[in-house]
Amino acid sequence: MSKSMQTQNRRALVTGASSGIGRELCRHFAADGIDLVVVARRQERLEELAEALQAEYDIDVRVEPCDLADAEARTALFERLDADDVNVDYLVNNAGFGSNGPFHELDRVRELDQVEVNVVALTDLTHRFLPGMLARGFGRILNIASTAAFQPGPYMSVYYATKAYVLSFTEGIAHELEGTGVTATAHCPGATSTEFAEEASNDDTLLFKSGVATVESVAEHAYLSMQRGKTVAIPGLKNKFGATMVRFSPRKLVRSIAARLNR
Ligand SMILES: NC(=O)c1ccc[n+]([C@@H]2O[C@H](COP(=O)([O-])OP(=O)(O)OC[C@H]3O[C@@H](n4cnc5c(N)ncnc54)[C@H](OP(=O)(O)O)[C@@H]3O)[C@@H](O)[C@H]2O)c1
């Protein structure tokens with residue numbers, strides 16, 4: 001497949017590309033002829049993905065294993081790309097994870113890592129790559145939030161709070177970026193069939209038992225919303241309805257429903 005004029009020499013950096021939504025998003029970039037930098041901890045999986053995408057599409061994929069919870073590793077990643085003059089035109093902050101249980105019973109370091117990956121790394125990468133996008137007059141930032149962003153979530157209190165940050169931060173910068181050629185999109189999926197639920201010990205919750213979206217449909221919605229420069233995008237009618245209802249419902253009721261869904 002030959003690259004179109006619009007996507008020629010453009011590159012996307014996708015975090016959390018070793019699994020789930022991130023991995024699926026990489027397919028969309030590749031199909032549009034956009035080169036990739038794939039980031040996650042599991043190097044083998046990234047290499048398999050790079051090999052498969054390069055065999056199928058006329059693109060270059062750079063594999064960058066990195067623990068995003070580690071500030072020094074993030075700096076080293078940025079410096080490697082900078083040293084090789086790799087421009088990032090599309091930044092996808094997708095890497096993230098959750099944990100289920102009463103806050104005081106959950107592992108302290110894992111909770112802090114959750115804030116580091118879901119919030120700090122996302123902010124750090126955005127701050128590092130945004131100036132280049134602005135200088136070139138083009139950029140797309142896609143931050144994967146969640147329907148968890150719209151209300152507090154007992155038994156996943158840290159996770160919900162991190163996603164509220166992602167939504168608020170993204171809306172804030174999206175406004176600042178108007179007219180620059182760079183857009184920021186907060187994508188807010190509900191329960192989706194990936195490795196997330198198992199990783200968060202969430203498989204048995206009412207939320208995940210009451211229906212999950214396919215990873216393909218969620219990634220496609222995220223990709224198209226980002227390309228169109230939408231600021232907030234929620235896939236699925238049920239999720240849109242839920243996000244709207246919480247704005248008009250008593251906070252105590254909203255907390256109780258979220259608590260029930262997370263048990
Ligand atoms: N699935 C859902 O129900 C759902 C719903 C709403 C929002 N989301 C959000 O969607 C995003 C993607 O999750 P997913 O559902 O696709 O889950 P997933 O299949 O578990 O994928 C998570 C990805 O994040 C990466 N990651 C986790 N910790 C990392 C770290 N310290 N450093 C680098 N990469 C790290 C993982 O790679 P390695 O393990 O290889 O590092 C993996 O590629 C997350 O932000 C999640 O919060 C998911």
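In each ligand, atom 1 is the first atom listed, and ligand 1 is the first ligand listed.
Under the 3.5 Å distance criterion, the side-chain polar atoms of Thr214 are matched with a main-chain donor or acceptor of Ser217. Within the 3.5 Å criterion, the main-chain N or O of Val182 finds a donor-acceptor partner in the side chain of Thr180. Within the 3.5 Å criterion, the main-chain N or O of Arg247 finds no donor-acceptor partner in the side chain of Ser249.
A cation-pi arrangement, defined by a distance under 6.0 Å to the six-membered ring centre and an angle within 45 degrees of its axis, is absent between Arg11 and Tyr90. Cation-pi contact between Arg10 and Phe138: present, with separation from the ring centre below 6.0 Å and deviation from the ring axis of at most 45°.
Looking at Ala95, Ser18, Ser19 and measuring to atom 24 (O) of ligand 1, the nearest heavy atom belongs to Ala95. Of the candidates Gly190, Ser146, Ala149, the one placing a heavy atom closest to atom 5 (C) of ligand 1 is Gly190. Taking all heavy atoms of Gly96, Gly16, Gly22, Gly98 into account, the minimum distance to atom 22 (C) of ligand 1 is reached by Gly96.
Using 4.0 Å as the threshold, Ala197 has no heavy atom nearer than that to any atom of ligand 1. The shell of residues lying under 4.0 angstrom from ligand 1, judged by heavy atoms, excludes Arg45. The shell of residues lying under 4.0 angstrom from ligand 1, judged by heavy atoms, includes Asn94. Within the structure, the closest approach of Ala148 to ligand 1 does not fall below 4.0 Å when heavy atoms are considered.
With respect to atom 33 (C) of ligand 1, the closest heavy atom belonging to the protein is Cys66 O, 3.3 Å. Protein heavy atom at the shortest distance from atom 30 (C) of ligand 1 is Arg41 NE, 3.6 Å. Scanning all protein heavy atoms for the shortest distance to atom 17 (O) of ligand 1 gives Thr194 OG1, 3.4 Å.
Here's the thing with Arg42: one of its N/O atoms is less than 3.5 angstrom from an N/O atom of ligand 1. Remark: ligand 1 and Leu68 share an N or O pair separated by less than 3.5 Å (distance only, no angle test). Ligand 1 has an N or O atom lying under 3.5 Å from an N or O atom of Ile21, backbone or side chain. When only interatomic distances are considered, the shortest N/O to N/O separation between Ala191 and ligand 1 does not fall below 3.5 Å. For Glu199, no nitrogen or oxygen atom sits less than 3.5 Å from a nitrogen or oxygen atom of ligand 1, counting backbone and side chain alike.
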Before giving the answer on side-chain contact (heavy atoms from CB on, under 4.5 Å), spell out for His28 and Leu224 the whole-Å C-alpha distance, their side-chain angles and the decisive distance to 0.1 Å. CA-CA 9 Å; His28 286 278; Leu224 294 176; over 6 Å; no
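Listed by atom number, the atoms of ligand 1 under 4.0 Å from Ala145 heavy atoms are 7 (C), 9 (C).
Residues that satisfy the salt bridge (charged side-chain N to carboxylate O under 4.0 Å, His left out) test with Arg42, not counting sequence neighbours, are Glu195.
Outside the 6.0 Å centre-distance limit, the rings of Tyr57 and Phe29 are not counted as a close aromatic pair.
Among residue pairs with one or both ends in residues 61-87, those qualifying as ring-ring contact (aromatic ring centres under 6.0 Å, His included) are Phe78-Phe129; sequence neighbours excluded.
Other residues, nucleotides and ligands contribute only 12 or fewer heavy atoms inside 6.0 Å of the CZ atom of Arg260.
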